[in-house]
Amino acid sequence: MKEFPKNFDYHTSELKWQKYWEDNKLYESHPNTEKPKYSVVIPPPNVTGSLHFGHMLDITIPDIYCRRKRMEGFEVCWVPGMDHAGIATQIMVEKELAKEGKTKYDLGRDKFNELVWQWKEKNGGTILNQIRKLGASVDWSKERFTLDEGLSLNVRKVFVDLYKKGLIYRGNRIVNWDPVSQTAVSDDEIFHEERTDKLYFIKYYLENSDEFITIATTRPETLFGDTAVAVNPNDKRYKSYIGKKVNLPFLNKLIPVVADDYVDIEFGTGALKITPAHDVNDFEVGQRHDLEAVIVLTKESKLNEYTGEFKGLDIFQARKKIIERLKELDLLVKIEDLTHNIAISDRTKAVIEPYLSEQWFVKMKELAGPAIEAVKSGDIKFYPDRYTKIYFHWMNNIRDWCISRQLWWGHQIPIWYHKNTGEIYCEVDSPKDPENWIQDEDVLDTWFSSWLWPLSVFGWENSEKDKTNEWLNYYYPTDFLSPGPDIIYLWVARMIMAGLEYTGKVPFREVYFHSIIRDNKGIKMSKTLGNYSEPLDLMDKYGTDAMRFTIVYLAPLGSDVFFDEDKTQIGRNFVTKLWNAGRFLMMMKDKISEDTRDIPHADYKNDLIDSWIESRYNSTLINTAKYLKEYKLNEYTKSLYNFVWNDFCDWYIELMKIKVSEQPSNAVRIIDGAINYYDNILRILHPVIPYVTEELWHNIEEGRDDKSISFASSPSVDETKIRAGSEDDFEKVKELVTSMRNLKKDNGIAPSVRSNVLVNPSTAEGRKLVEQFSSYIKKLCNLESLEIVNKIDDNNEYASSVVNDVELYLSLEGNLDSEKQAEKISKEIENLKKYLGTLDKKLTNENFLSKASNEVVEKEKQKQSETKDKLDKLEKMVLKKS
RNA sequence: GGGCGGUUAGCUCAGUUGGUUAGAGUACUACCUUGACAUGGUAGGGGUCAUUGGUUCGAAUCCAUUACCGCCCACCA
């Protein structure tokens, strides 16, 4: 026999199989027209990334589907890779530079980018090794990086193409300015947070007058950029001022009072200062009234030369000083508290500054049309379904996408300006006479490369060649995507748009938006709060399989997961249980082959135990397939957990132990049958716990050294083997055993005491079950004797109860606590009477009888007679005692 | 402000088109070291199914209402 260690050494096992799988290139895929394909792309993690709980689901979920499909005979291709993550990476390297007291400007663009590449080579791969540790069955030969040559070429091709189609344009617009990373970011890269700030009421005097308008603002420091005061045209208070001019504090500049519907009469004073260069809405008002936009802040969010004495102050210092000065000038009326939302940068957590600048945009409306249609028509399905609505809402109100970033790390925009003429050149390759041209300094949003990911990883080029690209033709569209819901707009929606624009085909068929993992109080896990353990630490402590199993077991479709470390025990214990069951079966097989060497094998006939486990097993297979299809992954793992633990280990193996000793001539056949089930169990479980199942699969049979369970076939279902009758009958046996154990326990008899029991079945079926399982019941309940009788002498030697149609009498050898017994039974009688009462009432209700279906009425009648029967039996028992 | 999802045992969740005395895991309690497993076994206690009203012979399930929680979108200076 092969050695079977007492414990599962996951540390060793994980390394061993990782190496084995990768060295043998098991998961490398090639177009194979003989087989159906299943292709998936990984949501490329940031090159700066380190494994967190979001990644765990990003990786584990597709791995489950890929491993499963592979075992079902599909040609599976799962592409890994990384995202260059413009802002995050650049900030990381800038920080390192800062330690040496340098800035990127000291190096210059080329040197700096060289340094980032060096950083990437040195530190950028950690996430990939963590993905390896997770057991991801990805095709490493296809690993891609969004700045790879091919992918970069695609980015330029698409930019040029969209530019020439008129879908990319340059505009002077208010954008979300991140003053920390000093770049524009898109609307999808900011979030809003509620904060309490001050609302300042400031007097703006009318030209040559003692009259003034009081405006309310939270941003007094931008008043230098005011080019109007706006009031609502219907506001009686200000009607007479419209068209007049007011004097801007500090600057002695006259600005007009304009009327605009945008102004809310109720808010503040009803008079609003308009700063077109530093507020989105003000910008729009400005355009309507043809106002000048004056920029008063620098890119670092400091006041610029336009602000005179305040120049160089940051906005908070400036605000303080301006208020002081306004007080001195008696221009400040009052200050109130105001709770409002402010925009924060996702990446740097800096407060976003609306900022007027030249940026590049993609017109989205046209691209959105087909992408909406693809989801509407069911070409792409979202799970859970409610994301469909969220998607439509966003797509129907889509806004242009700001794609330029004032960074150095990324794809530089393929636009060149002629030094003399200012002419614009937009091509994939740089101009032939580069000395006459200057390339646009900006780089593209990182998502401008990710939205092409499912195309570009398969070598798409947006050229004639695509027609003969067998990789693209075979693998695209992909089948499945499993992102977090937070990137539905940033990534998922945009991939759909790009895919349809460039191939006319959707990039994937089904999208499962996985749960977000929170801490046990429901708070989002965050580094700054430190409210979680690192998944890698937990994997180290409990094993990767345990971690994978737990997290999937806990993740229901469509809601968040509350996770804490203790819960990892669910997976750890399950893995241990599975391990021990296998070890036991192999020990047993060994022992049996020795013990029964000289015993001839008899013909074996299936019994109730066999047909029951067969039925349970096939039901489980059907359920797991169904749950996987519906993306109910927690149900999928739960049904496997229950089958393995409750049915297989608690009952089937326990019964088998007894059966082999009862039927030595069948012992070999029985243990082989059990091991066969176990082998199948390993194969169903492999997609979710790959390491331990691989290890066990090799342990339970010799000669598998050059094979892997990941290519063993997925067990097939035989629906004809599902028999409700067998399951019901077996359920009755279980109840018999449980009641018997209860009876002992309730009467204070230790499990170790071998009791004598009489049973009185009132039906032939009941009698048959007891006879058939008599020896099992005796063993499982530790009984000395189990005798079937027709009636009981009414001495007081027995504790009794009723289960189904069988009366149980436990001999107490004179130790009966009759009072306690009577109490117990009369309590049950009371319950049953109450229940019978409701049934009687129902069954005498004319309305019920006439309106409910026959089936339901029959069912109720059956319940009624069963309850009556049991009640009779119990009442007889009480009589006997008294 | 608009939209969506949720509320079932201490906790995490099931509950199929309305027809169980409402289930599981976990936690808790008791007993058990019985030759796979104490990361285990056997059993037990624990729920007015968030509120109020309606439809129905019958509601955890359908409808409406309220409350609370969560998410998304927009954003008022």
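In what follows, chains carry the letters A, B, and so on, assigned in the order in which the sequence lines appear, proteins first and then strands, with residues in each chain numbered from 1.
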Practice problem: Say whether, by atom type as modelled, one donor and one acceptor occur between the side chain of A/Asn845 and the main chain of A/Asn847 under 3.5 angstrom. | Solution: yes
Quiz item: Would you say A/Arg741 reaches B/A43's phosphate, i.e. side-chain N/O to OP1/OP2 under 4.0 Å?
Solution: yes
Exercise. Give one of base, sugar-phosphate or nothing for A/Lys273, where a contact means two heavy atoms less than 4.0 Å apart.
Key: nothing
Quiz prompt | Selection from B/G25, B/U12, B/A77 that lies nearest to any side-chain heavy atom of A/Lys567 | solution = B/U12
Quiz item: When you measure from the side chain of A/Tyr262, which nucleotide among B/A36, B/U12, B/A77 comes out closest?
Solution: B/A77
Quiz item: Between A/His340 and B/A77, does any side-chain N or O lie under 4.0 Å from OP1 or OP2?
Solution: yes
Quiz prompt | A/Lys734 atom NZ, over 12 foreign heavy atoms within 6.0 Å | solution = yes
Exercise. With C1' as the reference atom in both, quote the distance from B/U29 to B/G10 in angstrom, rounded to an integer.
Key: 14 Å
Self-check item: Whole-Å C1' distance, B/U55 and B/U12
Solution: 34 Å
Practice problem: State which of B/C57, B/C72, B/A36 makes the closest approach to the side chain of A/Tyr489. | Solution: B/C72
Exercise. Establish, with yes or no, whether the OP1 or OP2 oxygen of B/U26 is under 4.0 angstrom from a side-chain nitrogen or oxygen of A/Tyr641.
Key: yes
Self-check item: Backbone N/O of A/Thr214 and side chain of A/Thr269: donor-acceptor pair under 3.5 Å
Solution: yes
Practice problem: Indicate whether any N or O donor in one side chain lies under 3.5 Å from an N or O acceptor in the other, for A/Tyr10 and A/Glu695. | Solution: no
Quiz item: When the C1' atoms of B/U17 and B/C62 are considered, how many whole Å apart are they?
Solution: 11 Å
Practice problem: Indicate, with a heavy-atom threshold strictly under 4.0 Å, whether A/Ile390 touches base, sugar-phosphate, or nothing. | Solution: sugar-phosphate
Quiz item: Quick one: are A/Glu735 and A/Asn804 in side-chain contact, heavy atoms under 4.5 Å?
Solution: yes
Quiz item: Which part of the nucleic acid, if any, lies within contact of A/Ile570, taking any heavy atom under 4.0 Å across all strands shown: a base, the sugar-phosphate backbone alone, or nothing?
Solution: nothing
Practice problem: Assign each of A/Lys851 and A/Gln569 to its nearest nucleotide of RNA chain B by heavy atoms, then name whichever residue's nucleotide is nearer the 5' end. | Solution: A/Gln569
Exercise. Respond yes when some side-chain nitrogen or oxygen of A/Thr738 is under 4.0 Å from OP1 or OP2 of B/A43, and no when none is.
Key: yes
Quiz prompt | B/C75 base / A/Asn341 side chain donor-acceptor hit below 3.5 Å | solution = yes
Quiz item: Would you say B/G40 has OP1 or OP2 under 4.0 Å from some side-chain N or O of A/Asn573?
Solution: yes
Quiz item: Do any side-chain nitrogens or oxygens of A/Arg386 fall under 4.0 Å of OP1 or OP2 in B/C71?
Solution: no
Quiz item: How about A/Asn854: does its CG atom have over 12 heavy atoms from other parts shown lying under 6.0 Å from it?
Solution: no
Quiz prompt | Donor-acceptor contact below 3.5 Å, side chain A/Asn580 vs main chain A/Thr576 | solution = yes
Quiz item: Looking at A/Ile174, A/Thr275, A/Thr227, which hits side chain to side chain contact (heavy atoms under 4.5 Å, CB included) with A/Asp282?
Solution: A/Thr275
Quiz item: Based on Watson-Crick and G-U pairs with both distances under 3.5 Å, what dot-bracket line describes RNA chain B 5' to 3', crossing pairs as [ ] and inter-strand pairs as |?
Solution: (((((((..((((.....[...)))).(((((.......))))).....(.(((..]....))).))))))))....
Practice problem: Look at the side chain of A/Lys745 and the base of B/C31, then say whether one donor and one acceptor between them are separated by less than 3.5 Å. | Solution: no
Quiz prompt | A/Trp645 side-chain N/O to B/G41 phosphate OP1/OP2 under 4.0 Å | solution = yes
Quiz prompt | Base of B/A43 paired with side chain of A/Lys744 (donor-acceptor, under 3.5 Å) | solution = no
Quiz item: Looking across every strand, which nucleic acid part, if any, lies under 4.0 Å from A/Asp566 by heavy atom: base, sugar-phosphate, or nothing?
Solution: nothing
Practice problem: Would you mind telling me which of B/C76, B/G5, B/G19 lies closest to the side-chain atoms of A/Asn281? | Solution: B/C76
Practice problem: May I ask you to evaluate whether A/Asn742 reaches the phosphate of B/G44, defined as a side-chain N or O under 4.0 Å from OP1 or OP2? | Solution: yes
Quiz item: Counting side-chain heavy atoms from CB outward, which of B/C31, B/A43, B/A77 is closest to A/Leu272?
Solution: B/A77
Self-check item: A/Phe574 and A/Phe549 aromatic ring geometry - parallel, tilted or perpendicular at 30°/60° bounds
Solution: parallel
Quiz prompt | Closest nucleotide among B/U39, B/C76, B/A36 to the A/Lys577 side chain | solution = B/A36
Quiz item: Counting any heavy atom closer than 4.0 Å, what does A/Lys657 reach on the DNA or RNA strands: base, sugar-phosphate only, or nothing?
Solution: base
Quiz item: Contact class for A/Tyr553 vs. all strands (heavy atom < 4.0 Å): base, sugar-phosphate, or nothing?
Solution: sugar-phosphate
Quiz item: When you measure from the side chain of A/Leu338, which nucleotide among B/A77, B/C37, B/G15 comes out closest?
Solution: B/A77
Quiz item: Can you tell which of B/A14, B/C11, B/A77 lies closest to the side chain of A/Glu635?
Solution: B/A14
Quiz prompt | Pairs flagged by salt bridge (charged side-chain N to carboxylate O under 4.0 Å, His left out) wherever residues 646-661 of chain A is involved - sequence neighbours left out | solution = A/Asp607-A/Lys659, A/Asp610-A/Lys659, A/Arg616-A/Asp647, A/Glu654-A/Lys657
Self-check item: 5'-most by nearest nucleotide on RNA chain B - A/Leu554 or A/Ile653
Solution: A/Leu554
Quiz item: Out of B/A77, B/U20, B/A36, which nucleotide sits closest to the side chain of A/Thr218?
Solution: B/A77
Quiz item: How far does the P atom of B/G54 sit from the matching atom of B/G44, given to the nearest Å?
Solution: 39 Å
Exercise. Check whether the side chain of A/His393 and the base of B/C4 form a donor-acceptor pair under 3.5 Å.
Key: no
Self-check item: hbond_proxy A/Lys638 side chain to B/A14 base (donor-acceptor, 3.5 Å cutoff)
Solution: no
Self-check item: B/G1 versus B/U66 - spacing of their P atoms, nearest Å
Solution: 14 Å
Quiz item: Between the base of B/A36 and the side chain of A/Glu654, is there any donor-acceptor pair under 3.5 Å?
Solution: yes
